[in-house]
> 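Before I ask anything, let me first share the structure, which is written out below as structure tokens.
Proteins get letters first, then strands, A, B, ... in listed order; numbering begins at 1 in each.
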Amino acid sequence: MLLSVDNLRVSYEKIKALHGISFRIDEGEIVCIIGANGAGKSTTLRAISRLVPVEAGTNMTFMGRDLLQYPPDKVVSKLGISHVPEGRRLFDNLTVMENLRLATFARRDGKGIANDRDRVFSIFPRLSERQHQKAGTLSGGEQQMLAVGRAFMSGRKIMLLDEPSMGLAPLLMMSVFDSLKEINREGTSILVVEQNARMALQFAGRGYVLENGRVVLEGRSEQLLANPRVKKAYLGG
Amino acid sequence: MRRYFRTPFSRVPLLGWLAGILIAVALERLAGAPLALALGLTKVPVLFGFVIMLKKPALIPSAVLYVLLIYAAPTAVVTRLSISPANRLAAWLVRLPMAIPVAVHLGLLYAALHIWAEISDYRVLVLKLTLIAVMVTLSLNVINGYMGEFSCSHPGFMAIGAYFASVFTVGLFVNDQFFGAVFLPQALGPFLFPIALILGGFLASFGALAVAIPSFRTRGDYLAIISLAFLFIVKSLIENLEFVRGPRGLSGQPDWATLPTVFLWTVLCVWSINNFVRSTVGKALNAVRDNEMAAGAMTVDTRRTKIVAFLFAAFWAGVAGGLFAHVLRYVNPSTFGIQKLAEVLAMVYFGGLNSVYGSIVGAVSISLLGEALRPLEIFKWIIIPLLLILVMIYRPTGLIAFKDLDVTALLQPKRKPEEEA
Amino acid sequence: MVIFLQNLVNALQWGSFYALIALGYSMVYSILMLFNFAHGDIFMVGSYIGFGVSMGLIALASSGLVAMPNWLILVLTILFSMFLTSFVGMIVERVGYRPLRDAPRASAAITGLMIGIILETGNLALLGARRVSFPSLIETTTYDVSGVFVTNKKIMIVVVSLLLAFALHQFVRRTRWGMAMRAMAFDFAVVPLMGVPVNTMAALTFAIGSALAAAAGILFGVAYPVLDPYMGILFGWKAFVAAILGGRGSVMGATLAGFLLGFTEIFVAMIFPSTLRDLIAYSIILLILTVRPHGFFGEPYSARLRL
Amino acid sequence: MRTRSLVGVFVLAGFLAFVPSGWVQAQTIKIGINAPLTGDIPKVGEGTKFAAQMWLEDVKAAGGLTVGGKKVPVELVIEDNESKAESAVKAATKMITEDEVLVMVGPQASKQAIPAGGIANNYKTPMVTPWSTNPDATKDRPYVFRACFLDPFQGPVLANFITEQFKFAKAAVLYDVASDYPKGLAEFFKMAWERLHGPGSVVAYESFTTKDTDFSSQLTKIKNSGAQVLFTPQYYNEVALIVQQAHQLGWKNPIVGSDSWGSAETVSLCGKDCYGLFFSTHYAAAGATGATKEFIIRYQRKHGYVPDDVAALTWDAMGLVQKAIQDTGGLTGDLKKDRDNVRSALSQIKNFKGITGDMTFSGGGDPSKCAVIVQISDKGEFEFYKSACP
């Protein structure tokens, strides 16, 4: 088991966002969390990345280590958990190359970094063409590629993806997901949260359904796709 | 703790507290001096005994005893005893038109302050300056709290108000080597004084336009430096105006800023700012602060809203400045510099952002602390900032943030808990 | 013409101070989005530290244990004081700013203001009301270039300031730390996701800003050798103006805005009656902002503060 | 609950009844010191405080002040006015109404002395400002006195001195526009100079703002105006900067100053650049004799530096106050009456031998007093050069 989250509770000021959710991800898996807007999907990822404080009772372990012992930057650099935030959030004022270099801030293995960079460029050849451009000048699809590439460089154990399909044309979306599959095949587990449930379930092997800060359903993707409740609420029929 | 100190007083309405305080200060007036002598204090202690305690530690027990006997005990006893009559009276009052209960409460408050202050002119002076500080703090809170901007020009607005009102009164009513002989009879003065203040306020508002127009064209921190530049400009301008005697300052203002006058203006200021921030414009201001884009989409005319609020705040700063000049009866440009700015900012953030209560608490506590810690000399300016830092760390938005004054709720009688349920 | 050139020289020196202080101010302002109202007082502390260090070095040199020429003392003073003052900055960050990272920006500004007052008063209480005369580390030589008077100190100040600005520029452009700083200036919230330790970065930012303030403080001591506990206040506020004028996230912007402020003050005093200097100088600043409401070189930054 | 609190009240009342009343202290004379201990000019505050405390030591050593044949203990009430007008008013009100001082000494700077003087006058409490040379401080205020000469006197003294000494006709002035003392004196000097040499003979009249440290632009203007002498009525810290910067810009003519130069720090900050310069002041420390010398030695031994003119003037102000109190012939115990008596005694003081010169009051609050022109010697000491009397 790679990541296990048990009884995760988060509140913003006085509003409860997560009421104690539990899930787990095994090595090499692709898992998705689907749910409506405001169900607590992004909060879950933020909690794993230690960007929001969790409440007492929460238990999170990563490769047998207590995740709560690590500050946000160490979660990335020591544990290898990378996070592609919602809306990509690139550093528009840095070039593509600089964005990638920044993602290796804590890494010391010069050779490994160079290899990883070559790998990113081979997965996303478009980025290679634009490596000296400012990130702010990229198109939406290219930005998503860079965001994934950046995550690829910063942590390879597991990648947390927050709405990777948002704002992308269907064709581009497919190609991004294909690249993610490729990354996954090389040993990076993926946890993706999506509003686009169909897309996510086709992509992932297993899924969890989040409603109002609680896990209401979980299972293999095929099972969930066939579930009438999921069909009604998330698949538009 | 709670059981002994809170619960017995939980049902005391505001009316009861005011009555209690009034009786306490009346007692001080009647029996303060002999009591102080009996306790070994040479005089009635100023500012609740703090000064004496710091100057002569040996007198701490006496000072504490004095404060307990004169202030705490009578207030506690009276409020406790008066719970049921006070509640009945308050219940009867709130059924009358709003103005009457408000007037009664304010009357009691004023009476208490007046009797307290009457003991020495030093108390009067401190009280007046504290009330003025309340006005300035509250008006700055409109900009820095409610609007969420960072403005540095308030001392400038005060200066404009102070100088205009001073020129008005000194020019018209005082024999002065610069403005010539008396122009109008003294008897008219107290009637024209409000006009001087209001015009001073308007002039400050007008000056505020010079800040508002360039800075609200854009987002970001530009208001901060434009307002700072404005402060430098106003100060430099006054230094160069020979007819107000430049850096030497203008003195000889008539003594019209009496305690009732200052009190009345403060009440007016608190009332109008409180109404303003609770009005639709005030709410729009909060919306602008929290999310300018969304507010823009919600048909809030952000620019107009901001400018209106800014001018309104400047107006009250100007009025406060006018009163300030007439309390000190002297103004000079260096009073309205960076130091004043730091002082007012400290009061706003100490008391609490976005809060009428907070501004009152902030202004009163910093003003009184500043006086009470006088005996510490230099160390006063280490203790006060330290206190502020601690408040900021533990309550980053200030002591009492986000709390408007709900007058109706304030005046209500307090029911028994079971009745509430 | 001679008058103009003389004033140009004057303005270069005066602008260098503003530039150097604005630079330190702008570090914190751009990268952490904070008004660092303690900066002026860190400048003051840096100057006093410089005084202490140089007195120590002079004593050491005159005791005959180590032979040191004056220029070496100056260089060592600058380096040592920058190093020591950077700790002052880090302490200020730790005590006054880090606990308030999630608070409204202005609250942190107020803590800064208060720390500043404590530094001033603390100095007054510690060292007394005496003003300190900064030792003249290098002998003043005045060159008369056909009527324009230039001193070796003036040249040194301008050169050192520009060198430091250039070094900082390179640091921010080329190193990974600098890159992280630029990234923070753009979008603070995402930076930890890159494995960048934000607390360390904040401390580093304050350290560099304070080190620059210390350098400015020593150069100030060399040019205007009278130190007093309140000397930093006005500089702090003017650096604040220059930093914002320069625009967020731009080292060059702050430097240029600092020079602009210095030049404005000097040339306004040259052209107009000097009694009106502040009035006119700041009206010009106000006008500039009306015409160019986005400052000079501000880089874009994300309006989103949270993830 | 109710009965318990009532019982409490009675117990306290009973306790009070047994407290021995009549702890009234024996009559003491309280003298208020209103000084800028923090703020812009802390050194001035320090000098004030030290001088006043030295005076108190003397009185204490003598077992109190002898008034009307009785020894009365004296107490100082020292308040910080933070170098702010507002705070000076508060401090004055506090010491007059709360502490009930008999006399107030200070504030020093005119911008605090003018408003505080208004307070003192309103409460009919005599006030002596040691150092405020602005006419407004005492004007139309029968209760306000000073221990120094006035700017309208000092301005012409300097103009005459420069004219006689150097035979110059063109002068430049550099002053702080935001500070009342330099601005006032600059104006009086300009007036006096132009009366001597005709309009336009002040060829450059330049200013800066408090806390400025760079005067290069103004000095460049002055240098190119053809002025033969620079007059700068600034405080000691600015003097150092102005003189050094002037020399660096190639200014070789004399620079002349006023009494605000009269601090031991002037030379320690300015160094060799200031040697040989002249200024007018209240007393010359170097080569002083008699009581003045005694004071200087005592002060220096205690605090480690030569007292500046503020300290000396404060010492004299305390002396004036002492003499006035003794002249009343005895205290009545009625504060109001005593304050009135002290006031009239002050206004009658004749030929008071102060360490800063002889003082005579003729009814008003301003003494007639000589000014001293001092030259800074090559050893950095203030040497008496000549004196100018009204």
> If you define the side chain from C-beta out and look only at heavy atoms, does anything of D:Val89 sit under 4.5 Å from B:Arg329?
no

> Among D:Lys90, D:Lys183, D:Glu79, single out the residue with the greatest number of heavy-atom pairs under 4.5 Å to chain B.
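If we count pairs closer than 4.5 Å to chain B, D:Lys90 comes out on top.
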
> Against chain D, work out which of B:Leu129, B:Ile119, B:Val331, B:Asp255 has the most heavy-atom pairs shorter than 4.5 Å and name it.
B:Leu129

> Does CZ belonging to B:Phe379 count more than 12 external heavy atoms closer than 6.0 Å?
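Atom CZ in B:Phe379 is not packed in, count stays at 12 or less.
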
> So for D:Lys49, is it side chain, backbone, both, or neither that comes closer than 4.5 Å to the heavy atoms of chain B?
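Interface part for D:Lys49: side chain.
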
> Does any non-hydrogen side-chain atom of B:Ser334 lie less than 4.5 Å from one of D:Lys111?
yes

> I'd like to check the side-chain hydrogen bond (donor to acceptor under 3.5 Å, both in side chains) partners of B:Ser236; sequence neighbours left out, ordered by chain and number.
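For B:Ser236, no residue satisfies side-chain hydrogen bond (donor to acceptor under 3.5 Å, both in side chains) once neighbours in sequence are set aside.
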
> Between CD of B:Glu239 and CG of D:Asp180, what distance do you get to the nearest 0.5 Å?
10.5 Å

> If you count heavy-atom pairs within less than 4.5 Å of chain D, which of B:Leu328, B:Val124, B:Val327, B:Val126 leads?
B:Leu328

> Taking 4.5 Å as the heavy-atom cut-off, does anything in residues 30-39 of chain D contact chain B, and if so which residues?
D:Leu37, D:Thr38

> With a 4.5 Å cut-off on side-chain heavy atoms, are D:Met95 and B:Tyr122 touching?
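When only atoms from C-beta onward are counted, D:Met95 and B:Tyr122 do not touch, as no gap falls below 4.5 Å.
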
> Flag the one option from D:Gly118, D:Ser110, D:Gly184, D:Ala91 with the top tally of heavy-atom pairs under 4.5 Å to chain B.
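Highest number of heavy-atom pairs under 4.5 Å: D:Ala91.
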
> Is any NZ, NE, NH1 or NH2 atom of the basic residue among D:Asp136 and B:Arg245 found under 4.0 Å from an Asp or Glu carboxylate oxygen of the other?
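Looking at B:Arg245 together with D:Asp136, the answer is yes, because their closest N to O distance falls below 4.0 Å.
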
> For D:Asn134, which atoms come within 4.5 Å of any heavy atom of chain B: side chain, backbone, both, or neither?
side chain

> How far apart are the closest heavy atoms of D:Ala85 and B:Thr335, and which atoms are they?
CB-OG1, 4.2 Å

> Any heavy-atom pair between the side chains of D:Glu82 and B:Gln339 that's under 4.5 Å?
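Of all side-chain heavy-atom pairs linking D:Glu82 with B:Gln339, none is under 4.5 Å.
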
> Using heavy-atom distances under 4.5 Å, tell me whether D:Tyr123 contacts chain B through its side chain, its backbone, both, or neither.
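D:Tyr123 touches chain B through side-chain heavy atoms alone.
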
> Considering only heavy atoms, which portion of B:Asp121 lies under 4.5 Å from any heavy atom of chain D: side chain, backbone, both, or neither?
both

> Select, from D:Ala92, D:Gly45, D:Ser179, the one with the greatest count of heavy-atom pairs under 4.5 Å involving chain B.
D:Ser179

> Considering only heavy atoms, which portion of D:Gln112 lies under 4.5 Å from any heavy atom of chain B: side chain, backbone, both, or neither?
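Neither part.
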
> Side chain, backbone, both or neither: which part of D:Asp176 has a non-hydrogen atom closer than 4.5 Å to chain B?
neither

> Just wondering, do B:Arg123 and D:Lys94 contact through their side chains at under 4.5 Å, heavy atoms?
no

> Under a 4.5 Å cut-off applied to non-hydrogen side-chain atoms, are B:Arg374 and D:Ser87 in contact?
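A side-chain contact under 4.5 Å exists here.
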
> Which region of B:Leu125, side chain (C-beta onward) or backbone (N, CA, C, O), has a non-hydrogen atom less than 4.5 Å from a non-hydrogen atom of chain D, or is it both or neither?
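Only the side chain of B:Leu125 comes within 4.5 Å of chain D.
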
